[in-house]
Amino acid sequence: MALTVGVIGAGQLARMMIPAAVNLGIDLRVLAEADGMSAELAAVRVGDYRDLPTVLAFAKTVDVITFDHEHVPQQILRELVREGVTVHPGPDALLYAQDKLLMREKLAELGLPVPDWARITEPSGLADFLQQHGGRAVVKTARGGYDGKGVRVVSHEHDVDDWFQALAEDGNDGALLVEELVHFSRELAQVVARRPSGEIAVWPVVETVQKGGVCAEVIAPAPQSAGRLADVATDIAVAVAEGIGVTGVLAVELFQTTDERLLINELAMRPHNSGHWSIDGSTTSQFEQHLRAVLDLPLGATGARDPWTVMVNIFGGPASGSLGDRYGAALAQHPHVKVHNYGKASRPGRKVGHVTAGGDDLDEVVYQARATAQIFQD
Ligand code: ADP
């Protein structure tokens with residue numbers, strides 16, 4: 001049985017695949033952009049993921065190619081497939097995680113719930129949309145955005161002239177995505193995994209809390225989600241996975257609107273921050289599941305180990321130095337909390353690790369996780 005997986009990208013997502021690969025005896029190899037990346041504990045080859053010969057040479061050493069990010073150009077992905085390389089998720093699916101306009105079009109075509117949206121190529125298009133939507137909207141760049149970069153709340157037709165300008169300078173006939181400003185009571189995420197042969201596994205729907213457009217905390221399961229809400233979230237994510245033909249882990253970010261609808265915000269076709277809780281909190285972590293799925297192996301059980309699991313991200317800051325400097329205090333004061341250190345240099349605002357706490361009293365679990373993360377950020 002072939003068990004060599006190649007991961008393009010060497011950030012913390014690739015890094016967190018390593019323990020699962022070790023346990024299952026999977027040979028995990030990583031194509032890193034540079035030396036010193038987070039996933040350097042695996043067998044690493046350094047090279048440019050935008051260079052076909054580099055990616056092809058890497059692909060020839062593994063049984064399946066998968067990803068830690070969504071930035072590998074379509075041309076390269078399609079060339080890999082032409083050369084007979086197994087790629088999961090494949091280019092036809094990944095396209096919709098790479099381009100938010102194509103994603104909105106596809107989801108609408110599948111009849112799935114999304115915010116009102118339009119494709120705009122000039123300020124007058126934005127003016128029309130603003131007029132129809134009460135004077136405020138959200139504009140997004142179709143490509144290249146992450147952690148809230150490339151997302152802007154606007155109220156004037158000229159609020160994104162710089163983005164139109166940049167598209168024009170690229171000689172690109174590109175467009176921007178404009179969406180209604182959704183009134184949501186909270187954000188949720190539904191993470192699922194799908195094998196090429198069709199089996200799907202679903203984790204409990206979670207609540208995600210963003211600060212400044214960046215995921216800060218995750219509560220699993222989302223409070224008050226049992227029953228209909230969880231069923232709808234599952235149905236949506238399964239429909240996306242099947243409709244788009246996603247293989248591996250898929251995270252569907254959702255808005256729960258103030259009038260109790262679920263709308264799809266974003267798709268990620270790889271392990272996702274909203275699934276990190278599963279490493280300590282579920283029978284099968286999203287990282288192990290991703291490896292099983294891309295190898296087309298039977299998927300693991302996805303139940304939660306505790307009634308509540310809370311994950312809090314650790315962000316770098318001017319004072320944080322190395323996370324290890326705080327282990328004495330954090331590990332002594334919070335022996336039930338699990339600490340994950342991504343081995344990354346600390347820069348303000350950068351995700352450098354996370355902590356996970358579990359138990360049956362949500363207030364206590366939230367306190368334990370937040371207090372531990374805080375020790376690393378003081
Ligand atoms: P990124 O790709 O950078 O993660 P997202 O599209 O997920 O960008 O947007 C980042 C955050 O901005 C979301 O988590 C949400 O809080 C807010 N946001 C995005 N789109 C909308 C919208 N249409 N209405 C209201 N808030 C939004």
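Quick note: residue numbers are just sequence positions, from 1. Atoms within each ligand, like the ligands themselves, are counted from 1 in listed order.
A donor-acceptor contact shorter than 3.5 Å links the side chain of Arg29 to the backbone of Thr61. Remark: the backbone N or O of Cys215 is paired with a side-chain donor or acceptor of Asn313 at under 3.5 angstrom. At least one donor-acceptor pair under 3.5 Å links the side chain of Lys344 to the backbone N or O of Lys351.
With distances taken over non-hydrogen atoms, the option nearest atom 15 (C) of ligand 1 out of Glu187, Glu253, Gln210 is Glu187.
Heavy atoms of Val151 found under 4.0 angstrom from ligand 1 belong exclusively to the side chain. Contacts with ligand 1 closer than 4.0 Å are made by no heavy atom of Val153, backbone or side chain. Only the side chain of Lys140 comes within contact range of ligand 1, with a heavy atom under 4.0 Å; no backbone atom does.
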Carefully, step by step, assess His88 and Phe67 under the rule ring-ring contact (aromatic ring centres under 6.0 Å, His included). CA-CA 8 Å; His88 290 304; Phe67 310 94; 9.8 Å; no
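Applying the 4.0 Å criterion to heavy atoms of Glu180 picks out, from ligand 1, the atoms 22 (C), 23 (N), 24 (N). Taking a cut-off of under 4.0 Å to the non-hydrogen atoms of Lys100, the atoms of ligand 1 that pass are 1 (P), 2 (O), 6 (O), 8 (O). Close approach of ligand 1 to Phe255 is summarised as follows: ligand atoms under 4.0 Å from at least one heavy atom of the residue are 15 (C), 18 (N), 19 (C), 20 (N), 21 (C), 22 (C), 27 (C). Listed by number with element, the atoms of ligand 1 under 4.0 Å from a non-hydrogen atom of Glu179 are 20 (N), 22 (C), 23 (N).
Residue contacts with ligand 1 leave out His183, since none of its heavy atoms falls under 4.0 Å from the ligand.
With 3.5 Å as the limit, one finds no donor-acceptor pair spanning the side chains of Thr141 and Trp163. Checked by atom type, the side-chain pair Asp159/His156 shows no donor-acceptor distance below 3.5 Å.
When only interatomic distances are considered, the shortest N/O to N/O separation between Leu181 and ligand 1 does not fall below 3.5 Å.
In this structure, Tyr49 and His71 have tilted ring planes: the angle between them lies in the 30° to 60° band.
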